[in-house]
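First the structure, in the form of structure tokens, and then the observations on it.
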Amino acid sequence: MCGIIAYTGHRPAVPVIIQGLKSLEYRGYDSAGLAFEHSGRLHLFRASGKLQALEHKLAGGQVLHATTGIGHTRWATHGLPNETNAHPHLDVHYNLALVHNGIIENFQQLKSLLMDKGCTFRSETDTEVLVCLIAHGLEHTDSIIEALSWSMSQVQGSYAFALISRQHPGRIWAARKASPLILGAGTGENFAASDIPAFLPYTRDVVFLEDDELVEMDAGNWTVYRAHSLTPVSKQVQRIKWDVQAAQKGGYRHFMLKEILEQPKVLMDCLAGRVDRKNNTINLSELQGLPVPSRLHIVACGTSFNAGLWGKYVLEGLAGIPVNVEIASEFRYRVLVEEPGTLYVSISQSGETADTLAGQRMVRERGLPVLGLCNVVGSSVARESDRVLYTQAGPEISVASTKAMCSQLVMLYLLALYWGHAKDRIDSRTVRRAVTDLYSLPAMMEAQLPRIQTMAQKLCAQYARARSFFYLGRGINFPLALEGALKLKEISYIHAQGYAAGELKHGPIALIDNELPTFALALNNDLLGKIQSNLMEIKARNGPIIALTNPETVLDVNDRWEIPWLEDPLNSFLVLPALQLFAYEMAVYLGKDVDQPRNLAKSVTVE
Ligand code: AGP
């Protein structure tokens with residue numbers, strides 16, 4: 001996820017753009033840039049690293065007179081976070097400058113077509129392909145807006161972009177598809193941005209663009225069109241009452257809630273560029289030429305470890321590959337017994353966790369292969385892996401990891417399908433059905449999340465005085481029980497222990513009494529009967545039970561929490577947000593600092 005802003009009006013454009021990028025930094029911060037038009041030329045400034053690196057480049061420059069420009073703060077998805085790949089990108093003749101947020105899924109095909117027509121490229125980005133496509137479109141249309149309409153009909157994927165042209169001073173074009181873009185309608189000035197905070201200090205009048213809408217604007221006017229027919233669309237101007245801080249969270253109270261509720265979109269973004277929607281096949285180009293591993297050894301910490309343990313069940317079940325999953329801080333200090341054909345997998349949202357990185361370096365020193373599964377492009381784990389799969393979840397601001405785990409599960413499931421098919425353990429029809437089901441998941445999640453949040457609010461009030469919780473699960477739900485317990489501990493400070501339900505009678509059941517509630521994952525799968533027995537043992541000792549379950553299961557518990565049944569492993573994508581929201585609502589109920597819990601850091605870069 002990146003942040004874009006465009007401005008045209010009576011003020012100096014550069015300070016407005018820098019201010020706007022600062023308020024969008026939560027959307028991405030590995031490089032930044034801006035471009036403006038002045039005296040018939042496009043001026044471009046870009047820098048890798050934080051925004052202040054760009055500000056240093058601009059300091060003292062002759063930039064204050066420009067009144068039209070575009071800016072971008074990047075969260076890399078294609079190409080490393082360096083200056084060459086930073087936005088804005090210009091076409092080969094320096095007539096157009098463009099900033100973009102999203103993923104152009106068919107950018108490789110478009111790039112080849114444009115190169116066949118003599119286009120050259122300076123960066124690895126999909127964005128540069130887009131601006132060159134628009135320039136190519138201009139060669140056979142009469143106006144920029146027609147070139148944009150044609151270009152958008154060629155592109156597959158998601159985008160929100162803003163464009164300026166050397167030949168059209170004072171004018172800006174912007175469009176969106178599946179990535180946010182909002183108009184700020186000022187007095188004698190107009191804005192377009194990924195999010196409202198970017199221009200809130202200047203105007204509270206906003207126009208929300210819909211998918212496949214295109215806007216043309218200058219300082220005094222703006223017109224919205226349907227992108228493909230170029231028919232004008234009348235839009236309602238709305239007045240925003242939020243403050244800037246609230247606006248950065250999209251109006252949500254905490255980043256954690258925003259990131260939990262973003263998971264449907266994260267799931268789609270994970271699939272972007274990895275699934276061929278036409279025939280529903282999986283294409284993990286990042287693994288090109290990598291042999292199917294005979295064993296996997298997953299190394300991670302915290303939530304990423306829980307994701308890896310979930311992956312074990314899916315990878316062994318679908319791909320028939322034996323999987324070891326190990327906590328990095330243990331792995332790195334034990335004697336490594338090498339097993340031929342093993343692929344080591346580092347799972348890390350930040351890509352900077354010291355223990356995970358140390359374990360990976362130990363493996364690499366022996367010349368053994370490492371696959372990184374990371375969210376931060378260009379992070380240490382990513383750079384030091386032989387191959388890397390980016391989870392494309394966008395920046396995760398809240399210390400408690402939520403949407404990153406959702407994206408890790410998606411990638412592990414895709415890997416299981418991909419390798420299972422490569423080994424002829426699952427046929428193309430099964431893969432197609434699985435991919436179809438995956439694509440239907442975001443809509444189901446969107447529909448269910450409000451109900452799940454309401455139930456979480458109800459139950460946390462009932463159980464807020466608990467001094468500890470058991471979280472129980474079996475099979476694929478055991479790692480999720482561990483994750484539910486971790487979430488509750490780290491943000492509500494209530495002790496919780498995730499346990500394999502079958503282990504209860506081997507000691508822990510001694511703890512059960514009427515003051516120690518159990519949160520049981522009693523989903524309707526082949527292990528339900530076993531869970532039912534465990535819950536009867538708890539009930540017999542007066543232990544209160546919350547059961548997260550599916551309709552029609554027969555359970556004797558204190559609180560049933562029903563979510564729709566989906567065939568495993570897809571049910572996990574409803575179980576996970578329920579666990580996250582229960583912990584979130586508990587922390588809110590208890591008045592805790594949800595986004596920055598005490599004693600915790602977002603990335604544990606120390607041992
Ligand atoms: C999860 O909510 C925690 N913030 C923590 O356990 C985290 O998952 C762990 O530190 C690993 O971080 P990583 O994924 O960035 O390596």
Side-chain angles (χ1 to χ4, degrees), residues 30 75 254-260 262-263 266 270 298-311 325-332 344-361 370-385 388-412 471 479-494 496-498 576-577 579-584 586-587 592-607:
D30 57 39
W75 177 266
H254 299 103
F255 277 113
M256 183 177 177
L257 181 59
K258 177 172 178 285
E259 288 155 8
I260 291 171
E262 269 173 357
Q263 288 178 118
V266 163
C270 264
I298 298 174
V299 180
C301 300
T303 287
S304 296
F305 169 82
N306 295 335
L309 194 57
W310 183 92
V325 189
E326 201 165 351
I327 288 171
S329 54
E330 287 299 309
F331 175 73
R332 64 176 292 193
Y344 291 84
V345 183
S346 300
I347 302 180
S348 178
Q349 186 286 130
S350 63
E352 300 300 343
T353 297
D355 287 322
T356 306
L357 198 50
Q360 171 170 321
R361 286 172 176 162
V370 174
L371 169 64
L373 187 57
C374 292
N375 193 37
V376 180
V377 175
S379 58
S380 303
V381 167
R383 276 184 290 104
E384 297 179 27
S385 296
V388 62
L389 282 171
Y390 287 117
T391 50
Q392 298 174 171
E396 189 175 64
I397 308 300
S398 185
V399 165
S401 187
T402 53
K403 65 175 184 174
M405 182 168 180
C406 174
S407 61
Q408 290 163 350
L409 301 191
V410 173
M411 294 314 300
L412 289 162
Y471 278 72
L480 297 176
L482 296 178
E483 178 59 12
L486 174 61
K487 284 282 140 331
L488 190 72
K489 278 183 282 200
E490 66 176 324
I491 62 172
S492 75
Y493 313 150
I494 295 175
Q497 184 155 21
L576 184 61
L579 295 168
Q580 294 163 348
L581 285 167
F582 181 72
Y584 170 79
M586 185 69 87
K592 304 302 181 191
D593 182 351
V594 173
D595 282 333
Q596 276 94 26
R598 67 187 183 195
N599 312 339
L600 296 183
K602 181 58 187 169
S603 174
V604 184
T605 54
V606 295
E607 297 190 12

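Note that these values count all heavy atoms, side chains included, but never hydrogens, waters or copies made by symmetry. Each ligand, and each atom within it, is numbered from 1 in the order the structure gives.
Take S304 and apply the side chain to side chain contact (heavy atoms under 4.5 Å, CB included) test, not counting sequence neighbours, and it matches A300, I347, Q408. Every residue two or more places apart in sequence or in another chain that forms a side chain to side chain contact (heavy atoms under 4.5 Å, CB included) with R361 is listed here: L357, E365, E384.
Here's the thing with S350: one of its N/O atoms is less than 3.5 angstrom from an N/O atom of ligand 1. Looking at E490 next to ligand 1, an N or O pair under 3.5 Å apart turns up. Considering backbone and side-chain atoms together, V399 places an N or O closer than 3.5 Å to an N or O of ligand 1. Considering backbone and side-chain atoms together, S348 places an N or O closer than 3.5 Å to an N or O of ligand 1.
Considering only non-hydrogen atoms, atom 13 (P) of ligand 1 lies nearest to T353 out of V381, T402, I347, T353.
Listed by number with element, the atoms of ligand 1 under 4.0 Å from a non-hydrogen atom of T303 are 1 (C), 2 (O), 6 (O), 8 (O). Interface atoms of ligand 1 facing S401, defined by a heavy-atom separation under 4.0 Å, are 1 (C), 2 (O). In the vicinity of K487, heavy-atom distances shorter than 4.0 Å reach the ligand 1 atoms 1 (C), 2 (O).
Between the side chains of S346 and Q360, at least one donor N or O lies within less than 3.5 Å of an accepting N or O.
At distances below 3.5 Å, at least one donor-acceptor pair connects side-chain atoms of K403 with backbone N or O atoms of A393.
Under the 4.5 Å side-chain criterion, counting only non-hydrogen atoms from C-beta, M405 is not in contact with E396.
Counting heavy atoms closer than 4.0 Å to ligand 1, residue E352 contributes nothing at all.
A perpendicular orientation is assigned to the rings of Y584 and H254, their planes being inclined by more than 60° (bins at 30° and 60°).
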